[in-house]
Amino acid sequence: MKRKESLWYQFQEDIKSHFIALGAYAETNVKVEGARGEHDIDVLVKSKFLGGDVTWLIEAKDWKTKIPKEKALAFQAIVQDVGADRGFIISDKGFQRGAIKCVNKSNVSLRTFEDLKKETQDYIQSEIISYYEKRMNLLHKRYWAHPKRIRREYGLRHDLFEESDFSGTTQLNYIGNVIRSAKNNTYPIHTETGLKVSAGEKNINDFHQAVNWLNLNLNLLDEQLLNAEYFMFKENNFKPDVNRWIDKDKKIG
């Protein structure tokens, strides 16, 4: 059987696809440099959302028997040598008692693929959403630091029933809704703002699409604010008041 047609190869690819779907970087069959030399890693996972740069190493064992102690010890040594944040050995056939005991209280975990998916999905997605929520809150403060007259004059808002190319209030409301829905894993999410200046799909069906949409629309709001603030500064109207913004949970007017 060719390597790429083997069950082991597909097992690795399925694990990689799981992490990519969560918004992390993942690659199979990677050589990783450690303090004592290179190591062949089945799946390398990296993310910049988990409170900084995080590296996980994964050993995919599509075996017909339980994983023995010596395999767990060998992988534990690799994780330590590389300095990875966590290591996982994945086997749907389980692990011998010695393997379970030797990784106890270490940064190496022994999991089935289903256990891995359950454990990592909520963890990674919550960290990613937390990152976007922080970005939204910073933009929220910048937007509301400008008085209503200035926001209207520089194209950042419009009055009720008034047509406009862009509205920061509307944009913030939709961004907040996508974040809340992604937190609760509630799909589809409808994102038709009705504005001429918009970005992304009009319907979001999964977490990966939500992340893409949030990237596009947070960048759009940031760009609109930067453009408006440039002209405010140029015309001596850039006078934001840090005490002006309101709590985002209150009614926005």
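Heavy atoms only: backbone and side chains are in, while hydrogens, waters and symmetry mates are out.
- At most 12 non-hydrogen atoms from other residues, nucleotides or ligands lie less than 6.0 angstrom from CG of Asn236.
- Of the candidates Gln10, His18, Gln12, Gln10 is the only one forming a side-chain hydrogen bond (donor to acceptor under 3.5 Å, both in side chains) with Asp14.
- Side-chain heavy atoms closer than 4.5 Å link hydrophobic residues (I, L, V, M, F, W, Y) into clusters, and following such links, even through other members, never connects Phe11 to Phe75.
- Atom CZ of Phe19 and atom NZ of Lys46 lie 14.5 Å apart (nearest 0.5 Å).
- Between the side chain of Tyr132 and the backbone N or O of Asn215, no donor-acceptor pair lies under 3.5 Å.
- In plain terms, the two heavy atoms of Ala60 and Ile15 that are nearest each other are CB-CD1, 3.9 Å.
- Between the Arg151 side chain and the Leu156 main chain, no donor and acceptor come within less than 3.5 Å of each other.
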Next item on the list: In sequence, state the C-alpha distance, the side-chain angles, and the governing distance for Asn219 and Glu223, and then conclude on side chain to side chain donor-acceptor pair (under 3.5 Å).
Entry: CA-CA 6 Å; Asn219 288 343; Glu223 181 183 5; over 6 Å; no
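- Interatomic distance, Glu59 CD to Ile78 CD1, rounded to the nearest 0.5 Å: 6.5 Å.
- By the criterion of side-chain heavy atoms lying less than 4.5 angstrom apart, applied directly or through intervening Ile, Leu, Val, Met, Phe, Trp or Tyr residues, Val103 is not grouped with Ile58; the two fall into different hydrophobic clusters.
- Counting only N and O atoms by type, the side chains of Glu133 and Asn137 include no donor and acceptor under 3.5 Å apart.
- Other residues, nucleotides and ligands place no more than 12 heavy atoms under 6.0 Å from the NZ atom of Lys183.
- Atom CD of Glu201 is surrounded by 12 or fewer heavy atoms from other residues, nucleotides or ligands within 6.0 Å.
- Lys117 forms a cation-pi arrangement with Phe113, by the criterion of a distance under 6.0 Å to the ring centre and an angle within 45° of the ring axis.
- Judged by distance alone, with hydrogens and angles left aside, the side-chain atoms of Asp92 form no donor-acceptor pair with the main-chain N or O of Thr112 at under 3.5 Å.
- A distance of 12.0 Å separates CG of Asp42 from OH of Tyr9, quoted to the nearest 0.5 Å.
- Tyr143 contributes atom OH, which lies 14.5 Å from atom CG of Asp222 (distance to the nearest 0.5 angstrom).
- Distance NZ/Lys66 to CG/Leu110: 12.0 Å, rounded to 0.5 Å.
- Using a 4.5 Å heavy-atom threshold, the side chains of Asn203 and Tyr187 count as separate.
- Taking the side chain as every heavy atom from C-beta outward, Lys31 and Asp40 approach each other to under 4.5 Å.
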Next item on the list: Check the pair Ile89, Lys71 against side-chain contact (heavy atoms from CB on, under 4.5 Å), reporting the backbone distance first and the verdict last.
Entry: CA-CA 9 Å; Ile89 301 178; Lys71 291 296 181 184; 5.5 Å; no
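- The shortest side-chain heavy-atom distance between Lys234 and Tyr230 falls under the 4.5 Å cut-off.
- Checked by atom type and distance alone, the side chain of Asp81 never pairs as donor or acceptor with a backbone atom of Ala77 at under 3.5 Å.
- A single hydrophobic cluster is not seen to contain both Val82 and Val54; linkage of ILVMFWY side chains at heavy-atom distances under 4.5 Å, directly or through other members, places them apart.
- To the nearest 0.5 Å, the span separating CZ on Arg86 from CG on Asn107 amounts to 8.0 Å.
- Within 6.0 Å of NZ on Lys69 lie no more than 12 heavy atoms contributed by other residues, nucleotides or ligands.
- The main-chain N or O of Gln209 is found under 3.5 Å from a side-chain atom of Asp206 such that the two form a donor-acceptor pair.
- Using cut-offs of 30° and 60° for the angle between ring planes, the Phe238 and Phe233 rings count as perpendicular.
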